[in-house]
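Numbers for residues simply follow the sequence, beginning at 1.
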Amino acid sequence: MPSEDSGRPAQARSNSADEPIPWQSALTTLLEQEPPFIPERVQVMTVLVQYPPGHPGVPPHRHSGPVFGYMLEGEMLFELEGEPERVIRAGESFWEPGGDVIHYQDRNNRNDIWSRFIVVMMCAPDVPMLTLVSDEELGSRRDRRAPRPS
């Protein structure tokens with residue numbers, strides 16, 4: 001509930017002194033995103049992904065629903081269809097819409113340390129949570145991939 005003087009949420013106070021109670025300072029919003037769709041009868045899956053140094057990651061694929069992730073350690077080279085590749089570092093969040101969008105890369109961007117991240121996937125029931133994309137489809141959608149760095 002907003003406080004009357006600032007328009008900001010009112011802060012709960014502990015009984016001693018005038019300090020916020022511990023749970024308030026423990027919450028940090030890392031990512032807030034409205035997905036374009038959520039599959040009917042959605043099943044939610046949380047997965048820990050761990051790649052050794054230099055691991056190439058999963059080949060190009062797609063998910064049946066949106067995916068939300070958080071990088072625990074290391075770095076990932078991340079690329080979605082229509083977006084330039086980018087490096088995601090420990091402490092950063094990422095997401096992908098799922099559905100028809102191809103996820104090109106999730107490789108470990110470092111050759112000296114592990115890459116570890118957690119993903120929460122909203123999957124359509126009775127559909128694999130990850131489907132590899134064929135070379136033929138990649139070729140037919142080449143124009144949808146962002147320009148590659150030289």
When hydrophobic residues are tied together by side-chain contacts of less than 4.5 Å, even through go-betweens, does [X] share a cluster with [Y]?
{"X": "Met45", "Y": "Leu130", "answer": "yes"}
{"X": "Val49", "Y": "Met121", "answer": "yes"}
{"X": "Met76", "Y": "Val47", "answer": "yes"}

To the closest 0.5 Å, what do you measure between [atom1] ([X]) and [atom2] ([Y])?
{"X": "Glu92", "Y": "Phe117", "atom1": "CD", "atom2": "CZ", "result": "13.5 Å"}
{"X": "Asp106", "Y": "Ser115", "atom1": "CG", "atom2": "OG", "result": "8.0 Å"}
{"X": "Asn109", "Y": "Ile88", "atom1": "CG", "atom2": "CD1", "result": "10.5 Å"}
{"X": "Leu132", "Y": "Ile102", "atom1": "CG", "atom2": "CD1", "result": "11.0 Å"}
{"X": "Glu73", "Y": "Asn108", "atom1": "CD", "atom2": "CG", "result": "10.5 Å"}
{"X": "Ile113", "Y": "Tyr51", "atom1": "CD1", "atom2": "OH", "result": "15.5 Å"}

Task: Working for side chain to side chain contact (heavy atoms under 4.5 Å, CB included), residues Val133 and Tyr104 - done: CA-CA 9 Å; Val133 177; Tyr104 285 99; over 6 Å; no
Open item on the list: Starting from Val120 and following side-chain heavy-atom contacts under 4.5 Å between hydrophobic residues (I, L, V, M, F, W, Y), which residues can be reached?
Closed with: Leu31, Ile38, Val42, Val44, Phe68, Trp95, Met122
Open item on the list: In the structure I gave you, are the side-chain heavy atoms of Pro97 and Val67 within less than 4.5 Å of one another anywhere?
Closed with: no
Open item on the list: Do Thr46 and Ile118 have side chains that approach each other closer than 4.5 Å (heavy atoms only, starting at C-beta)?
Closed with: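 A side-chain contact exists here, since the closest heavy-atom pair is under 4.5 Å.
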Open item on the list: Looking at Arg141 and Glu136, is any side-chain nitrogen of the basic one under 4.0 Å from a carboxylate oxygen of the acidic one?
Closed with: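 No salt bridge links Glu136 with Arg141.
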Open item on the list: Quick test of your reading: applying ring-ring contact (aromatic ring centres under 6.0 Å, His included), list the pairs with at least one residue in residues 126-149, sequence neighbours left out, ordered by first then second residue.
Closed with: none
Any residue meeting side-chain hydrogen bond (donor to acceptor under 3.5 Å, both in side chains) with [X], in chain and number order, not counting sequence neighbours:
{"X": "Gln50", "result": "Arg116"}
{"X": "Asp112", "result": "Arg110"}
{"X": "Tyr70", "result": "none"}

Task: The single option from Arg145, Arg107, Arg148 passing side-chain hydrogen bond (donor to acceptor under 3.5 Å, both in side chains) against Glu85 - done: Arg148
Give every donor-acceptor pair under 3.5 Å between a side-chain atom in residues 54-66 and any protein atom, sequence neighbours left out.
unit_1	atom_1	unit_2	atom_2	d
His55	ND1	Gly57	N	2.8
His61	ND1	Pro59	O	2.9
His61	NE2	His63	NE2	3.2
His61	NE2	His103	ND1	3.2
Arg62	NH1	Glu137	OE1	3.2
Arg62	NH1	Glu137	OE2	3.3
Arg62	NH2	Asp100	O	3.3
Arg62	NH2	Asp100	OD1	3.4
Arg62	NH2	Glu137	OE2	2.8
His63	ND1	Met129	O	2.7
Ser64	OG	Ala124	N	2.9

Task: Which atom of Arg41 lies closest to which atom of Asp126, heavy atoms considered - done: NH2-OD2, 3.9 Å
